[in-house]
Structure formats: structure tokens, C-alpha cells
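Computed from a prediction, not measured in an experiment: that's the story for all the values here.
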Amino acid sequence: MKSTARRQSYGVKGAPYAFLVPATILFALFFALPIGYALWLSFHKVKVSGLGLGSGARKEVWAGLENYTDALTDSELINGALRVLGYGFIVVPVMLGLALLFALMLDSEKVRLSPFTRLAIFLPYAIPGVVAALLWGFLYLPDVSPFYFVLDKLGLPQPDLLDGGPLYLALSNIAVWGGTGFNMIVIYTSLQAIPAEVYEAAKLDGATPTQIALRIKIPMVAPSLVLTFFFSIIATLQVYNEPTTLKPLTNSVSTTWSPLMKVYRDAFGDGDIYGAAAQAVIIAFATLLLSFGFLRAANRRQKQEAAR
């Protein structure tokens, strides 16, 4: 009896760990192991002896921090990072601003056809990024775009959105169009969780809908805004699909336009997997550092506001 009860007790206590086994295996195989392998590659390089022909002519040797030094002094990687920062300064504020605006509008009592409107705003997020970039890319081409046809008939100027400064706006538009719906749903869900008694008390005090939105709704969904900002930063630093898809349509997008594009070119175009691994580790570390710094600053501000 006691042994049976003991085995049952062990079975109950071990059940949660058994449920974690599949997730742990997947995490180790598809996340931890690739990261460890990338780190290992980043500290190695290939040493070529003689003409590099024959067995043993190419050996993998320890490189130390050489790959990291080369990556941090690589002008192409630095310029790509600067381009992504400029791209992010456009995408993140516009996308989150529109998401917050749409969420507040859908949460209003006067809005009509809320389910349809909510679905219409969210629908672009369901379209794969490559497909969205292709759709917008053809709309940017003067020869096939209906927008340029209308501008030509009206006698208005026809800007080239795939060259120079407007290219940033063209790429940012694709990201904003595709990502606003997801962020809107996150913020809108937080708005729906606010108790109705809070709004009723504000109305009894004579607050207008605008005052309720600015002084009650936005402060109470601040954690959701922090979360969406966090996700947007990560997505911006890892931008790859949009410029890669538009590259065949214009000469203004190089193979190193973004850091991830340079990593791909070095690894699979030039065959330098060791230098590419070091660059990937640097990008991951920069993403982690920026995200951690932002979350820490946001938590500190929330604590200060709570203390008041």
C-alpha cells in the first residue's frame, strides 16, 4: 500500500516535468544547438596551405576574436546597421501610433461594424511578408502601377519610390501595412480588459471621450505599448524580407542593405560561414542589449509612477 502510494506520489510530482520534455527537446534542437554552433563557428576560421588543393590543405583553426574584429570594422555592416536605424525611426513610431489610434477608435462606443473593421485592419498581417513585399513592389514600379497611371493622367509628378530617400518610405510602408494590425489587436485586447466601472466613474466626473482616451485608456494599456514596442524593435533590427524581395526591382538595394542581408551574402554567397557567424552573434547581442535596456527603462519608469 505504502509503495503504491509512493509511486503515485512520484508520478504526480513528475508529471509536469514529463510535459516539459517535448518542448525542452525542441528548444535544444532548434534554438540552443544552432546558437551554440554559431558561437563555435564565430571563433574559428579556415587556414589554407599552399594552393588549397588536396586533403589537409584547408584546416579549421582557432581564430579567437579575429572574426569579431573584422565584423566590427566592416564598413558594409556598419552602413547596413545605420540604414536599419533610419528605417526603424520611421517604422516603429508610425506603426505603433496607427495601432494605438485604430485600437482607440474600435474601442469607442460610436464605432460601427467593429468586427469587420477589426478584421480588415488585421488582415494584412496574415499575408506573408514576401508576398506583401511583392505586391507593393509592383505597385511601386511606374510601368505597371495604377498609381503612376492616375498621377500621369492628372499631370502630377511621379516620384521614384525605389530610389534614394523615398526607398526608406517604400520599405517602411510595407512594414507598417503588415504590422499595424497585429499591434492593434494586442492594444485593443488590453483596452477590452479595462473594467467598465472606470469609464462610468470618469463620465460621472464629466470627462469627455478624448479625456478618457488620453488620461485613462492610454496609461492603462502602457504595458501593451511596451510589449509592442519591444517586438517592433526586434522585427526592425532583423529586417530582411522587404529589401531582399525588392532588390530585383531596383538597383538601389544592395546585397548588404541590412545586416542580415550581409550575413546571408557572406555565408551563402562568399562561403565565409565563420565571419557570417560572428556577424550574426553581434546582431543577436545588439538586439538583446537594446531590448534589455528598453525593458529595464520601462520597468523603472513604471515603478516611479507607482511610487507617486
Side-chain angles (χ1 to χ4, degrees), residues 84 87-151 159 161-162 166-194 209 213 217-218 220-250 253 257-258 260-261 287 291:
V84 167
Y87 166 84
F89 277 121
I90 300 174
V91 171
V92 176
V94 174
M95 181 167 60
L96 295 186
L98 289 175
L100 177 60
L101 177 62
F102 290 150
L104 292 174
M105 291 173 61
L106 290 173
D107 193 58
S108 174
E109 296 178 353
K110 298 181 179 180
V111 69
R112 296 181 179 179
L113 301 175
S114 178
F116 172 79
T117 306
R118 187 166 61 247
L119 177 62
I121 298 173
F122 178 78
L123 188 59
Y125 178 75
I127 299 176
V130 175
V131 177
L134 279 174
L135 290 174
W136 281 103
F138 285 109
L139 290 176
Y140 294 149
L141 287 176
D143 294 336
V144 297
S145 174
F147 298 139
Y148 283 91
F149 175 78
V150 174
L151 292 175
L161 297 177
L162 295 177
L167 177 63
Y168 285 87
L169 298 177
L171 290 169
S172 301
N173 174 65
I174 300 173
V176 170
W177 182 77
T180 301
F182 170 78
N183 295 306
M184 180 273 295
I185 289 295
V186 174
I187 299 172
Y188 178 74
T189 303
S190 298
L191 288 172
Q192 292 292 296
I194 299 176
K217 292 184 178 182
I218 294 179
M220 294 191 74
V221 299
S224 296
L225 292 174
V226 172
L227 180 66
T228 53
F229 189 83
F230 174 73
F231 287 153
S232 299
I233 289 178
I234 295 176
T236 299
L237 293 176
Q238 297 178 352
V239 60
Y240 177 83
N241 288 336
E242 291 84 357
T244 302
T245 306
L246 291 184
K247 183 181 177 302
L249 304 179
T250 175
V253 179
W257 193 90
S258 72
L260 283 186
M261 291 178 67
T287 304
S291 303

| Thr117/Met105 under side chain to side chain contact (heavy atoms under 4.5 Å, CB included): CA gap, chis, key distance, verdict | CA-CA 10 Å; Thr117 306; Met105 291 173 61; over 6 Å; no

| request: Show your working on side chain to side chain contact (heavy atoms under 4.5 Å, CB included) between Leu104 and Leu191 and close with a plain yes or no. | output: CA-CA 8 Å; Leu104 292 174; Leu191 288 172; 4.0 Å; yes

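Dense packing is recorded around CZ of Phe122, with more than 12 heavy atoms of other residues, nucleotides or ligands lying under 6.0 Å away.
In this structure, Ile127 CD1 and Leu134 CG are separated by 11.5 Å, a value rounded to the nearest 0.5 Å. Between the CE atom in Met95 and the CD1 atom in Ile90 there is a gap of 12.5 Å [rounded to 0.5 Å]. Rounding to the nearest 0.5 Å places CD1 of Ile121 at 13.0 Å from CH2 of Trp177. The CG atom of Leu119 sits 6.0 Å away from the CG atom of Leu123 when rounded to the nearest 0.5 Å. To the nearest 0.5 angstrom, Phe102 atom CZ is 11.5 Å from Ile187 atom CD1. Here the CZ atom belonging to Phe182 is positioned 9.5 Å from the CD1 atom belonging to Ile185, to the nearest 0.5 angstrom.
Nearest heavy-atom pair, Gly88 versus Pro93, reported as atom, atom and distance to 0.1 Å: O-CD, 3.6 Å. Considering all non-hydrogen atoms of both residues, Val91 and Val176 come closest at O-CG2, 4.0 Å. Annotation for Thr287 and Ser291: closest pair O-OG, 2.7 Å, computed over non-hydrogen atoms.
A centroid separation of 6.0 Å or more is found between the aromatic rings of Trp136 and Phe147.
Paired with Met184 under the rule side-chain contact (heavy atoms from CB on, under 4.5 Å), one option of Leu106, Leu98, Thr189 passes, and it is Leu106. The only option from Trp257, Tyr87, Phe89 that meets the ring pair (Phe, Tyr, Trp, His ring centres under 6.0 Å) definition with Tyr168 turns out to be Trp257.
No side-chain heavy atom of Leu96 sits less than 4.5 Å from a side-chain heavy atom of Leu225. Using a 4.5 Å cut-off on side-chain heavy atoms (C-beta onward), Leu139 and Pro146 make contact. Residues Leu246 and Ile174 form a side-chain contact, since some pair of their non-hydrogen atoms from C-beta on lies under 4.5 Å apart.
Looking only at distances, no side-chain donor or acceptor of Tyr188 sits under 3.5 Å from a matching main-chain atom of Leu100.
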Pairs under 3.5 angstrom only: tabulate donor-acceptor contacts from the side chains of residues 229-245 to other protein residues two or more places apart or in another chain.
{"from": "Ser232", "atom 1": "OG", "to": "Thr228", "atom 2": "O", "distance (Å)": "2.7"}
{"from": "Thr236", "atom 1": "OG1", "to": "Ser232", "atom 2": "O", "distance (Å)": "2.7"}
{"from": "Thr244", "atom 1": "OG1", "to": "Tyr240", "atom 2": "O", "distance (Å)": "2.7"}
{"from": "Thr245", "atom 1": "OG1", "to": "Asn241", "atom 2": "O", "distance (Å)": "2.6"}

